[in-house]
Novice: 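Encoded as structure tokens, here's the structure I'll be asking about.
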Amino acid sequence: MAENITRESILSKDLICSNQKESQLEFQVLLPEITQGEAQVLFTDGTAKIRALKAQADKLTIDGELETVTVYSGTDIKAACAKASKTFSIDMEMPGLLPGHEVSASASLEKISCITDVSQAKLNTVISVKATACELSQVQVITDINDIPLETKRTSVSARIKVGEGSSKALVDSVAELPFGLTSKKILFDRSTAAPVSVSVIDGGVTISGIVTIDAYHLTPLLDKPIAKTHHVLPFDTAIDIDSARQGQSAKVTLSLSDTKLTLQTDDDGASSFLFEGKLTSHAVIEDQTSISVIEDAYSTGISTVDLKMREINIKADSFLRTAQYQLRLNAILPKERTPIGALLACFARPVYYDIDKTGNASITGSMDVSIVYLPEGSTKIESFTQELPFEAVFDIRCPDACMDELTVKDIDAVLIATDQVEARMTLALKCEGDMTQSVLVPTDAVRRENDLPEKSMISVYFVQNGDTLWSIAKNCLTTIDNLKRFNPDCTHISPGDKLILLKKGRGALT
């Protein structure tokens, strides 16, 4: 009876698989400012970025790039920084994956260590990648059956669907002032991130207002403070053209910075500011909320009726994005053979690994690499040490199991508790992102059959059973809710044992 049925399509989203894998990557980094003696690495860190995803049968290939910074000193230099990048390609088993499935993935630097050899460093790194694959399919759902007078129970099914996406690239440049009294001889390196503050969907595109957050590490002429950190927040505005975008829709935006450059600007009194330049890549996915009324159940009191074939599907009900912060303090102890600390210069921290428990509020246990850069007592030679410290954190958010989680460290500072003990203070930022899916039963097919009607109309008595509703009674007894209410005016609320008068139509009766 397909020709007598009205259908509409709805998008089903089913989780296929998810997996996580670690991969080692080794490469050499030149330390060009070492002209004599051997380099001493003070600190090294990196960021792993995904460049491309390739889905094959049961396998996902993740191509990316690892960008590293290595801060070092030597006999003839206070401090210098070497930047390097290395591409990587990781194959990961994903049972059930097929080309065309929707894949989301993330990459992070799990571990990094180095061995110096005169004017170069050998970096040993471990990159961790996570991926989730989903199958998207259009399901034809019955919304009306046209040739049979039916009693119907309906439900509204709402789903969030993608209506378009787009990207844009723009140059961001802005001047940042240095704190009064700080003289910067050179900017060793910076950590820069871009984040949206407000996003507006308009007809034909998306407008974004955001901020670039910069932590800049400077080499200064001060003997007791040769390295200094400054923090800056710079605003920006950008836009993405997307023809299908319409006002009132929603947008999921991701931002990334690349090729950042900080150039000191000097005046008669020395450097008082720097020019920040970077390439900003913006990507937006436009979504709209759609709702259709589907038949949840149906029957006829006439000669012909239908049996519905129901199917359980998962629909995307909403996009999920939750963020929370946790203030963490960790104590780093100077190795016993070292000269006591005279002055702190910088503190760095990076999660080595972590496990997240999502049964309640997101709870994380893991370990943190904490690096302390300092001047020993009575010395002007910069030293450093790194310790892996365990930590626990509970965030005031709840995250679905299927979401992608990302933990970052920001606002790092340190306080000297004793000459051999440093308290590292930092903010842990947790982001959980994904799709909220909802399981719904929808009719996908209908089969016509004849009702088992009596030969003539008849009146009977029915006693309400546990679990009965007016709908189930009317359907099972081939009558209507209106008839139930007409013969039983007080049946709005029914309880087991209540007596109802029923009128069943016979085969000779009008329907």
Side-chain angles (χ1 to χ4, degrees), residues 33 39-46 69-75 77-82 112-114 116 176 178-192 213-232 262 271 274 325-352 367-391 408-429:
E33 295 193 34
Q40 177 188 356
V41 171
L42 301 174
F43 166 73
T44 184
D45 198 6
V69 293
T70 302
V71 179
Y72 61 97
S73 63
T75 304
I77 58 169
K78 280 287 186 181
C81 179
I112 185 168
S113 60
C114 71
T116 57
L178 296 180
F180 179 76
L182 174 64
T183 300
S184 177
K185 294 173 61 178
K186 180 173 65 173
I187 298 176
L188 293 172
F189 73 99
D190 71 283
R191 286 176 163 175
S192 307
T213 302
I214 306 168
D215 285 332
Y217 293 85
H218 306 262
L219 184 63
T220 79
L222 301 177
L223 294 178
D224 61 343
K225 191 69 173 178
I227 296 177
K229 169 190 167 185
T230 59
H231 181 76
H232 312 269
L262 277 62
F274 63 80
Q325 296 183 353
Y326 182 87
Q327 303 302 317
L328 181 67
R329 296 187 177 189
L330 297 173
N331 284 342
I333 306 298
L334 184 72
K336 290 183 179 180
E337 67 276 7
R338 297 287 189 92
T339 302
I341 298 172
L344 291 177
L345 301 181
C347 177
F348 306 96
R350 180 182 52 80
V352 177
S367 69
M368 188 81 64
D369 261 357
V370 176
S371 298
I372 305 297
V373 182
Y374 67 99
L375 289 177
E377 285 185 347
S379 174
T380 58
K381 181 184 178 183
I382 301 174
E383 300 280 353
S384 69
F385 69 93
T386 299
Q387 288 184 344
E388 184 176 331
L389 303 174
F391 74 93
T408 55
V409 183
K410 62 180 186 177
D411 301 335
I412 306 171
D413 200 2
V415 176
L416 189 62
I417 303 300
T419 57
D420 63 347
Q421 184 176 346
V422 178
E423 183 179 75
R425 301 174 178 178
M426 66 202 74
T427 300
L428 301 184

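What you see is a predicted model; the values in this text were computed from it and never measured.
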Novice: Evaluate side chain to side chain contact (heavy atoms under 4.5 Å, CB included) for Ile214 paired with Leu262, printing each intermediate quantity in order.
Specialist: CA-CA 10 Å; Ile214 306 168; Leu262 277 62; 4.2 Å; yes
Novice: Please report the shortest heavy-atom distance between Thr44 and Thr70, naming the atom on each side.
Specialist: OG1-OG1, 3.3 Å
Novice: Does the side chain of Ser184 reach to within under 4.5 Å of the side chain of Leu178, using non-hydrogen atoms?
Specialist: yes
Novice: Is the ring centre of Phe391 less than 6.0 Å from the ring centre of Tyr326?
Specialist: no
Novice: Please round to the nearest 0.5 Å and tell me the distance separating atom CG of Asp369 and atom CZ of Arg350.
Specialist: 5.0 Å
Novice: Check the orientation of Phe385 and Tyr374. Use parallel for under 30°, tilted for 30 to 60°, and perpendicular for over 60°.
Specialist: perpendicular
Novice: So which heavy atom on Asp411 is nearest to which on Lys229, and how close?
Specialist: C-NZ, 4.5 Å
Novice: Would you indicate whether Lys78, at its atom NZ, is surrounded by more than 12 heavy atoms from other residues, nucleotides or ligands within a distance under 6.0 Å?
Specialist: yes
Novice: Specify the closest pair of heavy atoms between Gln387 and Ala332, including all atoms of both residues, with the distance to one decimal.
Specialist: OE1-CA, 3.4 Å
Novice: Side chain of Arg191, backbone of Thr213: donor and acceptor closer than 3.5 Å?
Specialist: no
Novice: Measuring from atom CG of Leu222 to atom OG1 of Thr183, what distance do you get when rounded to the nearest 0.5 angstrom?
Specialist: 7.0 Å
Novice: Rounded to the nearest 0.5 Å, how far does OH of Tyr72 lie from CD1 of Ile382?
Specialist: 12.5 Å
Novice: Can you tell if the side chain of Glu383 reaches within under 4.5 Å of the side chain of Leu375, non-hydrogen atoms only?
Specialist: no
Novice: Are the charged groups of Arg425 and Asp413 less than 4.0 angstrom apart, N to O?
Specialist: no
Novice: Of all heavy-atom pairs between His232 and Ala176, which one has the smallest distance, and what is that distance?
Specialist: ND1-CB, 3.7 Å
Novice: Which value, rounded to the nearest 0.5 Å, describes the distance between Asp215 atom CG and Phe189 atom CZ?
Specialist: 9.0 Å
Novice: If you compare all heavy atoms of Lys186 against all heavy atoms of Ala79, which two are closest, and at what distance to 0.1 Å?
Specialist: NZ-O, 4.1 Å
Novice: Could you tell me how the ring of Phe274 sits relative to the ring of His218: parallel (under 30°), tilted (30 to 60°) or perpendicular (over 60°)?
Specialist: tilted
Novice: At their closest point, which heavy atom of Cys81 faces which heavy atom of Leu188, and how far apart are they?
Specialist: CB-O, 3.1 Å
Novice: Look only at the side chain of Gln421 and the backbone of Asn331, and say whether a donor-acceptor pair between them is shorter than 3.5 Å.
Specialist: no
Novice: If we count only N and O atoms by modelled type, under 3.5 Å, do the side chains of Glu388 and Ser367 hold a donor and an acceptor together?
Specialist: yes
Novice: Kindly determine whether Met426 and Ile412 satisfy side chain to side chain contact (heavy atoms under 4.5 Å, CB included), including the steps that lead there.
Specialist: CA-CA 4 Å; Met426 66 202 74; Ile412 306 171; 4.2 Å; yes
Novice: Spell out, as yes or no, whether a donor-acceptor pair under 3.5 Å connects the side chain of Ser384 to the backbone of Phe43.
Specialist: no
Novice: Where the side chain of Ser371 meets the backbone of Cys347, is there a donor-acceptor pair that is under 3.5 Å apart?
Specialist: no
Novice: Nearest 0.5 angstrom please: Leu344 CG to Ile372 CD1, how far?
Specialist: 6.5 Å
Novice: Using side-chain heavy atoms (C-beta onward) and a distance below 4.5 Å, is Leu428 in contact with Met368?
Specialist: yes
Novice: To the nearest 0.5 Å, how far apart are CG in Leu416 and CG in Leu334?
Specialist: 10.0 Å
Novice: May I ask you to check whether over 12 heavy atoms, not counting those of Lys381, lie within 6.0 Å of atom NZ?
Specialist: no
